[in-house]
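Just so you know, these numbers use all the heavy atoms, side chains as well, and skip hydrogens, waters and symmetry mates. None of these values were measured; they are calculated from a predicted model.
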Amino acid sequence: MKKLALAIAVPLAMIGAATFYTSTQIESTTRDAVDQANIKLREITVGSGAGISLKLLSFERGLLSSAARYQIDIEVHDEGETKKYAVLLQDRIEHGPFPASRLARGQLMPVAAQNHFQLERTPQTRKLFDAALGEVPLVGDVAIGYDGSRYGSLRSAAFPSNS
């Protein structure tokens with residue numbers, strides 16, 4: 001009986017230690033990801049007459065998950081006029097190595113974090129939310145590997161046609 005208890009306790013302790021370690025690293029990983037995203041955004045908008053940047057507005061670290069808010073700033077130069085837009089995203093970050101949402105989907109490969117983000121309702125995005133008929137118009141998931149790799153998906157709500 002003692003061997004069985006030990007066989008269960010040791011792996012659980014190791015997973016708990018890995019989760020705690022990941023929780024201490026996730027904020028710096030998130031800040032690095034924002035910096036890398038801004039580099040990519042500058043690259044893809046060169047010569048387009050538009051500018052896009054990402055800002056981390058807040059970060060609340062927890063033991064098993066954290067919460068972050070981002071702002072995407074968009075500047076469009078059109079006919080001598082500059083228009084500015086700001087879009088907010090909410091992000092729930094599950095800490096690795098085995099985030100609960102991945103386990104529930106049968107994804108057993110360890111990851112540093114699993115992000116679940118969605119567009120936030122603001123006066124600027126109100127029409128999108130109204131058109132999505134109660135759904136969040138834009139949601140996504142990104143898994144961050146321990147090697148820094150990122151993979152995920154971005155989904156939009158089904159918008160009814162006005163026929």
Side-chain angles (χ1 to χ4, degrees), residues 19 22-105 107 109 111-163:
T19 301
T22 301
S23 75
T24 65
Q25 302 299 308
I26 202 70
E27 185 172 1
S28 65
T29 301
T30 300
R31 290 185 188 284
D32 290 346
V34 167
D35 292 342
Q36 290 175 12
N38 280 318
I39 291 168
K40 293 283 187 195
L41 288 169
R42 276 193 295 277
E43 288 174 4
I44 64 173
T45 57
V46 168
S48 69
I52 303 173
S53 63
L54 179 64
K55 247 190 292 196
L56 178 63
L57 296 178
S58 65
F59 191 92
E60 296 175 25
R61 185 172 63 132
L63 180 60
L64 298 177
S65 66
S66 297
R69 283 185 74 223
Y70 309 95
Q71 180 173 313
I72 301 173
D73 292 316
I74 304 165
E75 252 184 46
V76 180
H77 306 287
D78 186 28
E79 298 177 9
E81 186 180 347
T82 301
K83 295 181 180 178
K84 295 182 180 185
Y85 304 94
V87 177
L88 301 176
L89 297 174
Q90 299 171 354
D91 190 8
R92 183 175 55 84
I93 307 164
E94 293 178 271
H95 306 158
F98 300 107
S101 66
R102 289 180 58 84
L103 291 176
R105 291 190 310 264
Q107 297 172 321
M109 286 297 293
V111 295
Q114 178 69 48
N115 295 56
H116 306 282
F117 60 90
Q118 64 182 24
L119 188 64
E120 188 174 307
R121 187 181 189 106
T122 65
Q124 193 123 41
T125 60
R126 179 185 55 78
K127 288 182 181 179
L128 277 175
F129 275 82
D130 292 346
L133 302 174
E135 289 188 49
V136 178
L138 186 65
V139 296
D141 297 293
V142 175
I144 301 173
Y146 281 103
D147 62 353
S149 63
R150 292 169 181 78
Y151 53 93
S153 64
L154 183 63
R155 297 172 305 284
S156 70
F159 292 97
S161 63
N162 292 334
S163 303

Assess, by modelled atom type and distance only, whether the side chains of S101 and E94 contain a donor and an acceptor separated by less than 3.5 Å.
yes
Any side-chain heavy atom of L57 sitting closer than 4.5 Å to one from L88?
yes
Within the 4.5 Å heavy-atom criterion, are R155 and D141 side-chain neighbours or not?
yes
Where do A86 and D73 come nearest, in terms of heavy atoms and distance?
CB-OD1, 3.8 Å
Apply salt bridge (charged side-chain N to carboxylate O under 4.0 Å, His left out) to R150 and list each qualifying residue two or more places apart in sequence or on a separate chain.
none
Say you draw a straight line from OG1 of T29 to CZ of R31; how long is it, rounded to the nearest 0.5 Å?
11.5 Å
Would you name the heavy atoms of F117 and S153 that are closest together and state the gap between them?
CZ-O, 4.5 Å
Any idea which heavy atoms bring A50 and T45 closest together, and the distance?
O-CB, 3.5 Å
Give me the atom names and distance for the closest heavy-atom approach of R121 to F129.
NH1-CB, 3.1 Å
Should I52 and K40 count as side-chain neighbours, where that means a heavy-atom distance under 4.5 Å?
no
Can you name the nearest heavy-atom pair linking F59 to A68, along with the distance?
CD1-CB, 3.9 Å
Nearest 0.5 Å, please: how far is CG in L119 from OG1 in T125?
5.0 Å
Considering non-hydrogen atoms only, spot the tightest contact between R42 and V46 and give its length.
O-CG2, 3.0 Å
Close side-chain approach of M109 and R102, heavy atoms under 4.5 Å:
yes
So how far is it from R69 CZ to L89 CG, rounded to the nearest 0.5 Å?
9.5 Å
To the nearest 0.5 Å, what is the distance between NZ on K84 and CD1 on I74?
13.0 Å
Could you measure the distance from the CD1 atom of I72 to the OH atom of Y85? Nearest 0.5 Å is fine.
15.0 Å
So, taking the atom named CD in Q36 and the one named CG in L54, what distance separates them when rounded to the nearest 0.5 Å?
12.0 Å
Please indicate whether E75 has more than 12 foreign heavy atoms, meaning atoms of other residues, nucleotides or ligands, lying under 6.0 Å from its CD.
yes
Can you tell which of R105, Q114, H116 makes a side chain to side chain contact (heavy atoms under 4.5 Å, CB included) with P99?
Q114
Mind checking whether I39 and E43 have side chains closer than 4.5 Å, heavy atoms only?
yes
